[in-house]
Amino acid sequence: MKRTQFIGVDDAGQRFQKRYFDDRLGRDETIVSRGTVRDELVSRLSRLSLDRIDETPNAEPDTFRVMPIHQF
């Protein structure tokens, strides 16, 4: 199993802790920028959407926004 988590480490939403876990390789934690998180998420979502060829593609661009937990 592989798992990646992004956790905000500052109030401005500019720095995130990236936690990566792989059963084979173990665990790794690094601090990454908001831009890096956005790029990785858009890349993953784009790859996931390629698996759904029978669906109509979304005309809206992918977006990323940081919000406080209480707004979810």
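Note that this is a predicted model, so its numbers are computed, not measured. By convention here, the first residue in the shown sequence is residue 1.
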*Between CD of Glu29 and CD of Gln17, what distance do you get to the nearest 0.5 Å?*
4.5 Å

*Step through the shown structure and confirm whether more than 12 heavy atoms of other residues, nucleotides or ligands are within 6.0 Å of CG on Asp10.*
yes

*Give a yes or no answer on whether the side chain of Asp28 reaches the backbone of Tyr20 with a donor-acceptor pair at less than 3.5 Å.*
no

*asked:* Any donor-acceptor pair under 3.5 Å linking the side-chain atoms of Arg3 with those of Gln5?
replied: no

*asked:* Exactly one of Glu40, Arg34, Arg38 should register a side-chain contact (heavy atoms from CB on, under 4.5 Å) with Phe6. Which one does?
replied: Glu40

*Side-chain heavy atoms of Lys18 within contact of Thr36, under 4.5 Å*: no

*Qualifying residue for side-chain contact (heavy atoms from CB on, under 4.5 Å) with Lys2, from Asp22, Asp23, Leu25*: Asp22

*For Ile31, what are the other residues in its hydrophobic cluster, where any two members join if their side-chain heavy atoms are less than 4.5 angstrom apart?*
Val9

*Side-chain (Ser43) to main-chain (Asp39) donor-acceptor, under 3.5 angstrom*: no

